[in-house]
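Presented below is the structure to which this report refers.
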Amino acid sequence: MPELPEVETVARLIRPHLLGRTITAASVAWKRTIGAQSVAAFERAVLGARFESVERRAKYIVMNFHGGGALVCHLRMTGRIHVEPAGWDPGKFAKVRLDLDSGRAFHFIDVRKFGRLEFVRDPAQKLAELGPEPLGPEFTAAWFERALAERSRALKPLLLDQTFLAGLGNIYVDESLHRAGLHPLASSSSVDSAAAARLHAEIRAVLAEAIEREGSSFDVFYRTPEGNPGSFQHQFRVYGRGGEPCRACGTPIERSVVGQRGTHVCPKCQPRPRRRGRKARRGSQRSKG
DNA sequence: ATCCTATCCTGGCTGC
DNA sequence: TGCAGCCAGGATAGGA
């Protein structure tokens with residue numbers, strides 16, 4: 001499903017088609033896609049608007065308009081964006097169409113209808129609750145170590161919490177935890193300094209590598225706006241590899257459910273914590289608080 | 001504070 | 001080949 005690397009890829013690919021372009025017509029085929037706003041109000045708001053910038057924040061694509069206001073898009077699980085020549089057929093799952101003065105049209109397409117394309121006056125306000133960007137300057141190893149220590153939640157649900165750290169989803173959490181040798185159920189407060197630094201580095205590394213490969217496509221849903229699948233799925237170490245040998249040690253990857261999410265762990269590389277919420281006993285660190 | 005469950009959706013898969 | 005039933009999951013709301 002689209003996580004930070006996939007959303008970044010989409011933003012990069014649609015940006016050149018949108019910058020400086022004006023919306024000349026708008027139509028909405030599925031009302032819930034545009035959020036709480038009425039179709040009439042949405043169309044009124046975007047008609048004549050000119051794209052000034054296209055950014056990514058967490059898993060959101062923020063398309064700012066000249067003079068204020070923005071379209072904020074979340075692909076959720078199956079959302080896709082295409083900017084294609086006017087005659088292009090977006091298919092039966094098309095939800096919103098925005099015609100551009102370039103002769104192209106912006107299409108928001110979504111099989112499962114969970115995705116959103118909302119017009120907001122103040123995107124900063126809408127995105128205010130999000131945690132730091134994992135690839136941004138705020139996300140330092142020191143901040144991360146402290147933030148983990150300040151809570152006592154299982155690592156996986158915490159990393160999926162967008163108000164804690166913004167942009168990771170199920171795939172990249174599983175991959176990061178495996179690469180750092182940490183179990184998804186380990187308590188955040190039990191993570192010592194060295195492990196926090198390791199996890200910090202692996203989160204950044206896995207996201208950067210995935211962006212380089214234009215994200216992951218493991219089903220028919222995620223495609224870049226150019227219609228291509230990403231290729232990072234070939235680098236997965238645990239995600240979707242239940243029963244297959246760990247690439248590091250050969251032990252079969254175990255699949256379980258953590259926080260309602262399919263979860264993939266190498267039982268040897270990521271030993272299960274003996275007790276939740278307590279510091280690991282051996283080789284303990286000397287952290288001062 | 002943290003955890004758990006239900007909700008939103010439908011294509012694709014499994015099993016009969 | 002058909003079909004019922006289950007699964008996937010990001011975000012959010014509400015309850016324990």
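Everything numeric here is computed off the predicted structure, so don't read it as measured data.
When the nucleotides dG11(B), dC9(B), dG9(C) are ranked by their closest atom to the side chain of Arg32(A), dC9(B) comes out on top. Considering only the side chain of Arg153(A), dC3(B) comes nearest among dC3(B), dT5(B), dG10(C). Comparing atom distances between the Val111(A) side chain and each of dT2(B), dG11(B), dG9(C) picks out dG11(B) as nearest. Side-chain atoms of Lys113(A) lie closest to dT10(B) of the nucleotides dT12(C), dT10(B), dT5(B). In the set dG10(C), dA8(C), dG11(B), the nucleotide with an atom closest to the side chain of Lys92(A) is dG11(B).
Distance CE (Met77(A)) to C1' (dG9(C)): 4 Å, rounded to an integer number of Å. Taking atom CG of residue Leu160(A) and atom C1' of nucleotide dC4(B), one finds them 15 Å apart after rounding to whole Å. The distance between atom CD of Gln233(A) and atom P of dA8(C), rounded to the nearest whole Å, is 19 Å. As rounded to whole Å, 16 Å separates atom P of dT10(B) from atom CD1 of Ile109(A). One atom, CG of Leu158(A), and another, C1' of dC3(B), lie 13 Å apart when rounded to the nearest Å. Across the protein-nucleic acid pair, Glu118(A) atom CD and dG10(C) atom C1' stand 14 Å apart, rounded to whole Å. What separates OH of Tyr172(A) from P of dG10(C) is a distance of 12 Å, to the nearest Å. Atom CG in Leu168(A) sits about 15 Å away from atom C1' in dA11(C), given to the nearest Å.
Taking the six-membered ring where tryptophan is involved, the planes of Phe106(A) and Phe51(A) are essentially parallel, since the angle between them stays under 30° and well short of 60°. Below 30°, between 30° and 60°, or above 60°: for Tyr60(A) and His74(A) the angle between ring planes is above 60°, a perpendicular geometry.
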| Which string of ( ) [ ] | and . matches DNA chain B, if you list each base 5' to 3' and count Watson-Crick or G-U pairs only when both distances are under 3.5 Å? | .|||||||||||||||
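Within 3.5 Å, no donor on the side chain of Arg261(A) pairs with an acceptor on the base of dA8(C), nor the reverse.
Residues Glu175(A) and Val206(A) share a closest heavy-atom pair of CB-CG2, 4.0 Å.
At least one donor-acceptor pair closer than 3.5 Å links the side chain of His264(A) to the backbone N or O of Gly240(A). Formation of a donor-acceptor pair under 3.5 Å by the Arg204(A) side chain with backbone atoms of Gly136(A) is found in this model.
Within the 4.5 Å cutoff, side-chain heavy atoms of Leu185(A) are placed close to those of Arg272(A).
In this model, the phosphate group of dA11(C) is approached by a side-chain N or O of His74(A) to a distance below 4.0 Å at OP1 or OP2. Dashed line: the shortest gap from a side-chain N or O of Gln260(A) to OP1 or OP2 of dT5(B) is under 4.0 Å. Between Tyr239(A) and dA8(C) there is no side-chain polar atom (N or O) within less than 4.0 angstrom of OP1 or OP2.
Comparing Lys126(A) and Arg255(A), the nucleotide of DNA chain C nearest to each residue sits closer to the 5' end for Arg255(A). Residue order along DNA chain B, read from the 5' end via each residue's closest nucleotide, puts Glu150(A) first among Glu150(A) and Gly259(A).
Using a 4.0 Å heavy-atom criterion, one finds that Gly262(A) contacts the sugar-phosphate atoms exclusively. Using a 4.0 Å heavy-atom cutoff across all strands shown, Gln162(A) reaches sugar-phosphate atoms only and no base atom.
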Report, one line per pair, each donor and acceptor closer than 3.5 Å where one atom sits in a side chain of residues 31-38 of chain A; sequence neighbours left out.
| unit_1 | atom_1 | unit_2 | atom_2 | d |
| --- | --- | --- | --- | --- |
| Thr33(A) | OG1 | Trp30(A) | O | 3.4 |
| Ser38(A) | OG | Ala41(A) | N | 3.0 |

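Residues Val191(A) and Leu159(A) share a single hydrophobic cluster, defined by chaining ILVMFWY side chains whose heavy atoms lie under 4.5 Å apart.
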